[in-house]
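Take a look at the structure below.
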Protein chains: 2
Amino acid sequence: MFGFRDIEIIRSVVRYGGFRAASDATGLAQSAISRRIRHLEDRMGITIFERDGRGVRLSAPGRRLCDEAEILIAQRDRILGELTQGVMAGVVRLGVAETMTHTILPRLLTNLGQRHPMLRFEISVDTSDQMGQGLKDDTLDVVIMLRDQAPRGIALTPVPPVTMGWFVSPSHFTLPDPADIDDLAALPIVSFPKTTSPHRKVLQLLTPGRRQPATVHGSASIATMLHLVRQGFGIGTIPHSIVEAWPHPMLREINVRPKARLPDLEFGICYDAERNGEIGREVARAALEINPI
Amino acid sequence: MFGFRDIEIIRSVVRYGGFRAASDATGLAQSAISRRIRHLEDRMGITIFERDGRGVRLSAPGRRLCDEAEILIAQRDRILGELTQGVMAGVVRLGVAETMTHTILPRLLTNLGQRHPMLRFEISVDTSDQMGQGLKDDTLDVVIMLRDQAPRGIALTPVPPVTMGWFVSPSHFTLPDPADIDDLAALPIVSFPKTTSPHRKVLQLLTPGRRQPATVHGSASIATMLHLVRQGFGIGTIPHSIVEAWPHPMLREINVRPKARLPDLEFGICYDAERNGEIGREVARAALEINPI
DNA sequence: CACCGCATGTTCGGCTTTCGCGATATCGAG
DNA sequence: CTCGATATCGCGAAAGCCGAACATGCGGTG
């Protein structure tokens with residue numbers, strides 16, 4: 001077993017060419033260096049320095065130890081520096097609602113990566129309620145999620161709203177132009193998962209005054225939603241930005257009356273201000289910078 | 001500043017979920033863990049664990065420290081294991097005569113690499129006298145060099161001899177068939193550097209009984225020797241294996257009388273048995289394995 | 001060739017600092 | 001109030017360091 005102190009001393013001996021010179025450099029007595037290295041050699045059962053009457057030279061295993069130890073020390077110093085000088089570094093566990101992966105996320109990560117090259121991201125895509133839980137039990141550091149599903153006591157910075165539209169495959173369904181609520185509610189609907197607020201809002205929009213509740217399917221995968229709508233499984237509530245990113249000839253937006261319009265999705269950047277205030281504020285800053293409100 | 005012990009303890013606390021549980025796991029008293037971590041936090045000026053009445057949780061910088069420390073500990077254990085269990089690992093500084101780079105070196109390295117995957121090679125190509133010096137002043141671990149130039153007190157394992165031939169560009173020079181010593185000595189000759197024994201042997205071969213010493217140029221680069229011979233700068237003394245590796249229509253071997261034949265090059269694997277016996281023997285073993293004598 | 005100074009590493013006794021233990025105080029949640 | 005957790009404190013053991021004395025090799029000098 002060896003410690004950082006041991007290998008620092010070995011490095012000094014190698015660098016300055018002897019125990020005596022190293023003792024000047026390290027501020028230790030020469031005897032202390034001699035004794036430490038001898039003890040280390042005994043503990044590890046290897047020879048690190050070969051001695052003869054006029055000095056010391058590294059042995060083969062000593063040189064190996066020294067080579068590797070150099071890296072170890074450098075890493076410790078880097079860690080130490082990053083931690084004490086407040087450099088943004090390490091792993092950020094970032095949770096993202098899928099819609100965001102097609103809008104601000106790429107630019108957000110680019111911006112953060114440029115400003116903080118030592119930062120690494122661990123990105124999960126999940127439903128907002130799951131990620132809200134992650135924030136609370138400290139399995140996620142920062143989450144970009146639906147604002148109205150953010151847990152209590154969590155810092156929240158809004159990002160620009162995402163507009164929604166009704167989409168249909170024209171070869172499977174025909175609708176009046178403009179369509180009204182009842183026209184939409186008569187068809188199967190594909191929306192977000194039922195644990196999310198947009199799903200509930202769709203239900204609320206369609207249900208009032210109707211005896212038969214609308215059929216609303218939920219999907220946590222936007223790609224799946226698109227496929228289902230294209231294949232005529234139903235009509236979909238989909239962010240405009242998604243359709244722009246993946247345009248498809250089988251997909252057309254339905255023109256609806258004002259009362260049937262879908263509300264915008266309101267996302268926000270959420271984090272525990274106590275625990276992750278620093279990185280959270282930085283993510284919020286980056287979001288503002290790439291997409292000023 | 002933190003030591004291995006510190007981060008091992010932190011890891012225990014994280015892994016077992018608290019100071020008390022970690023104290024059982026590490027065999028330390030709970031008070032010792034508490035005090036050590038507090039001192040560490042004071043020294044580094046950061047909070048590693050957030051405490052409240054019912055336990056501890058990692059803070060953000062604490063998690064970073066813990067993540068990075070895990071890697072540090074793993075590396076230390078790897079180094080320790082390799083050193084104490086005699087695993088062949090680390091960097092081997094290997095010196096090679098250029099001729100060998102075209103003969104046994106590739107297979108030698110392949111063999112060694114397969115048997116000792118943790119080994120890294122740092123290969124230098126130089127003249128044998130230079131590398132002999134490198135062996136003595138411990139800037140090279142193992143050298144494949146001309147046997148007769150190996151320093152004293154160095155372990156030496158022979159490798160199969162390399163046969164030499166006289167080569168010429170037929171469009172520039174015409175020679176009798178077979179050629180005799182005087183025919184060769186009348187032309188400019190391109191050979192190895194004049195510090196090497198093959199160069200001296202060429203001189204000895206050509207000089208006896210001649211009033212005018214032969215003109216022998218030296219080159220430490222075999223590629224240059226080949227170019228010079230091809231361009232008619234002179235005739236060359238070149239290993240057969242080199243010409244086989246780089247065949248060229250402008251290059252033809254001269255048929256010479258027995259007395260004008262060049263002696264074989266005798267190479268050997270050299271190393272300091274004291275310092276690098278282990279790896280040296282292993283290189284010798286590999287050489288025998290790929291090319292049994 | 002013997003001697004002596006110089007430089008280097010080693011060993012040893014004594015002292016300081018670090019570290020751990022055990023008992024006890026303290027704190028928050030149920 | 002009690003339970004389960006961490007914090008604090010005094011004591012003692014161990015590790016680590018220092019300085020001095022000692023051993024060894026090299027090179028200059030008479």
Side-chain angles (χ1 to χ4, degrees), chain A residues 1-44 46-59 62-63 65-66 136-138 152-153 272 274-275, chain B residues 1-59 61-63 65-66 136-138 153 274-275:
Chain A
M1 197 60 55
F2 59 92
F4 284 116
R5 202 73 215 283
D6 295 313
I7 57 187
E8 280 171 346
I9 290 173
I10 291 175
R11 185 179 60 169
S12 266
V13 173
V14 172
R15 185 166 295 170
Y16 297 103
F19 288 8
R20 172 147 227 95
S23 89
D24 295 339
T26 58
L28 264 62
Q30 185 269 341
S31 66
I33 294 180
S34 174
R35 197 162 53 90
R36 257 196 105 115
I37 290 184
R38 176 157 301 283
H39 280 176
L40 182 60
E41 289 176 325
D42 292 346
R43 284 205 305 276
M44 296 185 63
I46 61 174
T47 304
I48 296 171
F49 289 102
E50 273 155 13
R51 289 96 156 153
D52 62 11
R54 65 184 176 288
V56 295
R57 312 181 311 280
L58 272 180
S59 72
R63 190 165 56 78
L65 176 60
C66 198
K136 286 202 290 188
D137 60 20
D138 189 33
R152 305 200 156 279
D272 181 322
E274 294 270 324
R275 180 190 308 280
Chain B
M1 197 62 53
F2 59 90
F4 283 117
R5 201 74 215 282
D6 294 313
I7 56 187
E8 280 171 347
I9 291 174
I10 290 174
R11 187 179 57 170
S12 263
V13 173
V14 171
R15 186 166 296 171
Y16 297 103
F19 287 7
R20 168 158 296 284
S23 90
D24 295 337
T26 59
L28 266 59
Q30 178 267 334
S31 65
I33 293 179
S34 174
R35 196 161 58 94
R36 259 196 103 114
I37 290 183
R38 175 157 303 282
H39 281 174
L40 182 60
E41 289 177 325
D42 291 347
R43 284 206 306 277
M44 298 185 61
I46 61 174
T47 304
I48 296 171
F49 289 103
E50 273 156 12
R51 289 95 156 153
D52 62 12
R54 66 181 178 294
V56 295
R57 310 183 310 281
L58 272 181
S59 71
R63 190 166 56 79
L65 177 60
C66 199
K136 285 202 291 188
D137 61 19
D138 189 32
E274 293 273 321
R275 182 190 307 282

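What you are looking at is a predicted structure, and each value in this text was computed from that prediction instead of being measured. Quick note on labels: first sequence line is chain A, next is B, and so on, each numbered from 1.
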Looking at B:Asp52 and B:Arg57, does any basic side-chain N land under 4.0 Å from a carboxylate oxygen? yes
Where at least one partner belongs to residues 17-29 of chain B, residue pairs that pass side chain to side chain donor-acceptor pair (under 3.5 Å), sequence neighbours excluded: none
Determine the contact category for A:Gly3: base if any of its heavy atoms lies under 4.0 Å from a base atom, sugar-phosphate if only primed atoms, P, OP1 or OP2 are that close, otherwise nothing. nothing
Derivation of the side-chain contact (heavy atoms from CB on, under 4.5 Å) call for B:Arg35 and B:Ser31: CA-CA 6 Å; B:Arg35 196 161 58 94; B:Ser31 65; over 6 Å; no
Contact boundaries on DNA chain D for chain B, cut-off under 4.0 Å to non-hydrogen atoms: D:dG4 to D:dT8
Closest approach of A:Asp272 to A:Glu274 (non-hydrogen atoms, all atoms of both residues): OD1-N, 2.8 Å
Which heavy atom in B:Arg275 sits nearest to a heavy atom in A:Leu58, and how many Å separate them? NH1-O, 2.9 Å
Any non-hydrogen side-chain atom of A:Phe2 less than 4.5 Å from a side-chain atom of A:Ile10? no
Where A:Val14 and A:Cys66 come nearest, the two heavy atoms and their spacing: CG2-SG, 3.9 Å
Just by protein heavy atoms under 4.0 Å, how would nucleotides 1-17 of chain C read 5' to 3' in B, S and -? -------SBBB------
Rounding to an integer number of Å, can you tell me how far B:Leu40 CG sits from C:dG20 C1'? 17 Å
The bend of the helix from C:dC1-D:dG30 to C:dG30-D:dC1, taken between the axes of its five terminal pairs at each end and rounded to 10°, is 20°
Before accepting this row, confirm whether a basic side-chain N of the pair A:Glu41/A:Arg51 lies closer than 4.0 Å to the acidic partner's carboxylate O. yes
Considering every strand and a 4.0 Å limit on heavy-atom distances, what is the contact class for A:Ile33: base, sugar-phosphate, or nothing? nothing
Write down the distance between CE (B:Met1) and P (C:dT18), rounded to a whole number of angstrom. 15 Å
Which ring pair (Phe, Tyr, Trp, His ring centres under 6.0 Å) pairs, counting each pair once, include a residue from residues 14-39 of chain A, with sequence neighbours left out? A:Phe19-A:Phe49
Only pairs at least two apart or in different chains count here, so list each salt bridge (charged side-chain N to carboxylate O under 4.0 Å, His left out) that has a residue in residues 3-14 of chain B. B:Arg5-B:Glu8, B:Asp6-B:Arg36, B:Asp6-B:Arg43, B:Glu8-B:Arg76, B:Arg11-B:Glu70
